[in-house]
Amino acid sequence: MPNKEKLPVLYLITPCYNEEKVLPSTYSLFLNKLKELVKSKAISSESRVLFVNDGSTDGTWDFICEISKENRQIEGISLSRNRGHQNALVAGLMEAKDRCDVTITLDCDGQHDINAVDLMLKKYKEGNEVVYGVRNSRAGDGFFKKAFSELYYKLINSLGGEVIVNHADYRLVSSKVLNAFADYKEVNIFLRGLFPLVGFKSTTIHYDQFERVAGKSHYSFGKMLGLAIDGITSLSIKPIRIITGVGIFVAFISFIGVIYTFVTFFAGKTVPGWASMTCTLCFVSGIQLISLGIIGEYVGKTYMETKQRPRYIISERTYKE
Ligand code: UDP
Ligand code: MG
C-alpha cells in the first residue's frame with residue numbers, strides 16, 4: 001500500500017502513438033532517471049516507467065514489450081485502438097493510481113525535459129499534491145502553433161476555464177488526487193483544465209521544451225483545433241451566454257433599423273437600399289449559423305456524454321493484472 005513514511009513509489013507515465021523512431025532513444029532517458037532517483041533514495045525501488053501504447057500501427061508496442069522483458073522497471077499497457085493523447089493519459093493514470101504514491105506524465109518524444117522530475121518530486125515532498133510543469137521556451141513548435149496557443153490560453157481563461165498558461169500535460173499528480181479525479185467520468189476531457197478543478201495543494205515549476213528527438217508531431221492543425229474546442233466546451237458554457245448577448249444586441253440594432261425605416265418612410269425619403277439590406281442579411285445569417293454551430297457543439301457533446309461509453313479499453317499488458 002502507498003505510504004508516505006516510506007520512499008514514495010513513482011510512476012512515470014508516457015503515452016506513445018506511432019513512436020518507433022523516438023522510443024529507442026528516449027526510453028533509456030526515462031529508465032536512467034528512474035534508476036538515478038532510486039539510487040539517491042528519492043523514490044522507492046518499486047517505481048516504474050509505464051508506457052501507454054495508444055493504438056499504434058507501427059512497431060511501438062513490440063518495442064515496449066521487448067524493453068519490458070529486459071528491465072523490470074518498465075511496464076506497458078496497450079489500448080485496443082487509437083483514442084488520442086488525453087485518453088491515453090487517463091488510461092495510464094487510472095492504471096497506476098492504486099499501485100503508486102505519485103505519478104508524473106510526460107511525452108515520450110523527449111520534448112519534456114526529464115530533469116525537471118527532480119524538482120517536481122521536491123515540490124511533492126514539500127506537500128504539494130499536483131505540480132504543473134510550465135514551459136519557459138518552446139523549441140520544436142512553429143510560430144503559428146505558439147501564437148495560437150498564447151491566444152488560446154487567454155481565451156479559455158477569460159471564458160472561465162482555469163488553465164495554467166504554458167502548461168502542457170507535463171505534470172506530477174499524487175494518487176490521492178487521482179482517486180478524486182477518478183470520479184470525473186466525462187468523455188470530453190481536457191486534463192489541463194480538469195486538474196485545477198479537482199483542487200488540492202498545487203504549485204508550478206518551469207522547464208525548457210526541447211525539439212522532438214525524431215519523427216513528427218501528431219498534432220495537425222485540425223487535431224489542435226479539436227483539442228482547443230474540447231477544452232472550452234468541457235470547462236465553460238459562456239459561449240452560449242455570449243450568443244444570447246449577441247442575439248439581444250442584434251435585436252436592438254434591428255429595432256433601431258425599424259424606427260429609422262418608419263421615419264424615412266413618413267418623411268418621404270425612402271430609397272431602394274438594396275446593398276444595405278443584403279449586407280445586413282448576410283451578417284445576421286452568418287451570426288445565426290455560427291450560433292447554431294456553437295449550440296450544436298454542446299448538444300453533440302451532451303449526446304456523447306449520455307452514452308457513457310468507455311474512454312479507452314486496455315487490450316494488452318506487459319504484466320499480469
Ligand atoms: N500521442 C498519443 N496519441 C495520439 C497523439 C499523440 O498518445 O493520438 C502522444 C505522442 O506519442 C506523444 C504525446 O502524445 O508522446 C504528444 O504528442 P506530439 O508530440 O505528437 O504532440 P506535440 O508535442 O507536437 O504537441
Ligand atoms: Mg511532442
Side-chain angles (χ1 to χ4, degrees), residues 11-31 33 49-64 67 74 76-96 103-114 116-117 133-150 152-153 163 165-171 187-192 207-231 311-316:
Y11 265 58
L12 281 179
I13 300 170
T14 180
C16 318
Y17 177 54
N18 290 345
E19 301 283 16
E20 64 180 5
K21 289 203 189 100
V22 160
L23 287 184
S25 39
T26 53
Y27 96 90
S28 50
L29 286 179
F30 304 153
L31 186 61
K33 175 53 77 181
V49 183
L50 176 65
F51 289 94
V52 182
N53 172 38
D54 185 17
S56 301
T57 49
D58 65 358
T60 299
W61 180 238
D62 292 339
F63 184 76
I64 295 170
I67 54 175
I74 291 182
I77 57 173
S78 188
L79 305 191
S80 59
R81 53 155 297 148
N82 179 246
R83 293 293 296 131
H85 182 201
Q86 300 290 298
N87 286 310
L89 284 172
V90 174
L93 291 169
M94 291 302 106
E95 184 73 6
T103 59
I104 295 181
T105 49
L106 77 173
D107 289 357
C108 72
D109 56 6
Q111 288 199 274
H112 293 164
D113 179 10
I114 185 72
V117 162
V134 175
R135 301 181 273 222
N136 276 329
S137 57
R138 300 187 56 168
D141 289 345
F143 169 78
F144 182 70
K145 192 167 180 172
K146 280 186 215 165
F148 180 84
S149 110
E150 287 280 314
Y152 181 65
Y153 283 115
V163 180
V165 177
N166 279 326
H167 161 65
D169 294 314
Y170 188 8
R171 178 174 51 231
V187 292
N188 178 31
I189 38 173
F190 185 64
L191 295 174
R192 287 164 221 193
Y207 70 95
D208 286 315
Q209 179 175 294
F210 302 139
E211 300 260 0
R212 242 179 183 272
V213 298
K216 276 197 301 203
S217 167
H218 300 286
Y219 272 96
S220 59
F221 178 68
K223 265 197 179 178
M224 205 162 77
L225 199 64
L227 181 70
I229 293 174
D230 281 354
R311 292 180 282 198
Y312 56 85
I313 296 166
I314 298 175
S315 57
E316 281 176 78

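First listed ligand is number 1; within each ligand, the first listed atom is number 1.
- Near R212, meaning under 4.0 Å from any of its heavy atoms, are these atoms of ligand 1: 18 (P), 19 (O), 20 (O).
- Of all protein heavy atoms, the one lying nearest to atom 23 (O) of ligand 1 is Q111 OE1, 2.9 Å.
- When non-hydrogen atoms are compared, ligand 1 lies under 4.0 Å from the backbone of S217 as well as from its side chain.
- None of the N, O or S atoms belonging to D107 lies under 2.8 Å away from the Mg ion (ligand 2).
- Of the possible polar contacts, one joining the H167 side chain to the G133 backbone as a donor-acceptor pair under 3.5 Å is found.
- Contact of the F63 side chain with the F51 side chain is not registered, since no non-hydrogen atoms from C-beta on lie closer than 4.5 Å.
- For D58 against E19, the heavy-atom pair with the smallest separation is OD2-N, 3.5 Å.
- Side-chain atoms of R212 come within 3.5 Å of backbone atoms of A214 as a donor-acceptor pair (strictly under, hydrogens ignored).
- The pair D54-R83 fails the salt-bridge criterion, with no side-chain N (NZ, NE, NH1 or NH2) lying under 4.0 Å from an Asp/Glu carboxylate O.
- The name of the N, O or S atom in D109 nearest to the Mg ion (ligand 2) is OD2.
- Side-chain atoms of S80 do not come within 3.5 Å of backbone N or O of I314 as any donor-acceptor pair.
- With a heavy-atom cut-off of 4.0 Å, D107 touches ligand 1 through backbone and side chain alike.
- Polar contact check, A88 against ligand 1: no nitrogen or oxygen pair lies under 3.5 Å apart.
- The heavy-atom pair separating Y312 from V90 by the smallest distance is CE2-CG1, 3.9 Å.
- Each of the atoms 7 (O), 11 (O) of ligand 1 lies under 4.0 Å from some heavy atom of C16.
- Residues N53 and T60 bring no donor and acceptor atom of their side chains to less than 3.5 Å of each other.
- Panel note: side chain T105, backbone D169; a donor-acceptor pair is recorded below 3.5 Å.
- Regarding atom 21 (O) of ligand 1, its nearest protein heavy-atom neighbour is Y219 CD1, 3.2 Å.
- Using the six-membered ring where Trp is involved, F144 and F221 have ring planes that are tilted, between 30° and 60° apart.
- At a heavy-atom cutoff of 4.0 Å, ligand 1 is contacted by both the backbone and the side chain of H218.
- For K223, the heavy-atom gap to ligand 1 drops under 4.0 angstrom.
- Ring pair Y17/H85: centre-to-centre distance not below 6.0 Å.
- Panel note: side chain Q111, backbone F210; a donor-acceptor pair is recorded below 3.5 Å.
- Taking 2.8 Å as the threshold, Y219 does not count as a candidate ligand of the Mg ion (ligand 2), since none of its N, O or S atoms lies below it.
- Nearest to atom 1 (N) of ligand 1 among the protein's heavy atoms is Y17 CB, 3.8 Å.
- One option in K145, Q209, H85, K216 has a heavy atom closer to atom 22 (P) of ligand 1 than any other, and that option is K145.
- Here the protein heavy atom with the shortest distance to atom 9 (C) of ligand 1 is P15 O, 3.8 Å.
- Closest protein heavy atom to atom 3 (N) of ligand 1: D54 OD2, 2.6 Å.
- Protein heavy atom closest to atom 19 (O) of ligand 1, with residue, atom name and distance, is D109 OD2, 2.7 Å.
- At a heavy-atom cutoff of 4.0 Å, ligand 1 is contacted by no atom of R83, backbone or side chain.
- Counting heavy atoms closer than 4.0 Å to ligand 1, residue M224 contributes nothing at all.
- Of all the heavy atoms of N82, the ones lying under 4.0 Å from any atom of ligand 1 belong exclusively to the side chain.
- Distance from atom 10 (C) of ligand 1 to its nearest protein heavy atom, with residue and atom name: E19 OE2, 3.2 Å.
- Between V163 and F190 there is a side-chain heavy-atom pair separated by less than 4.5 Å.
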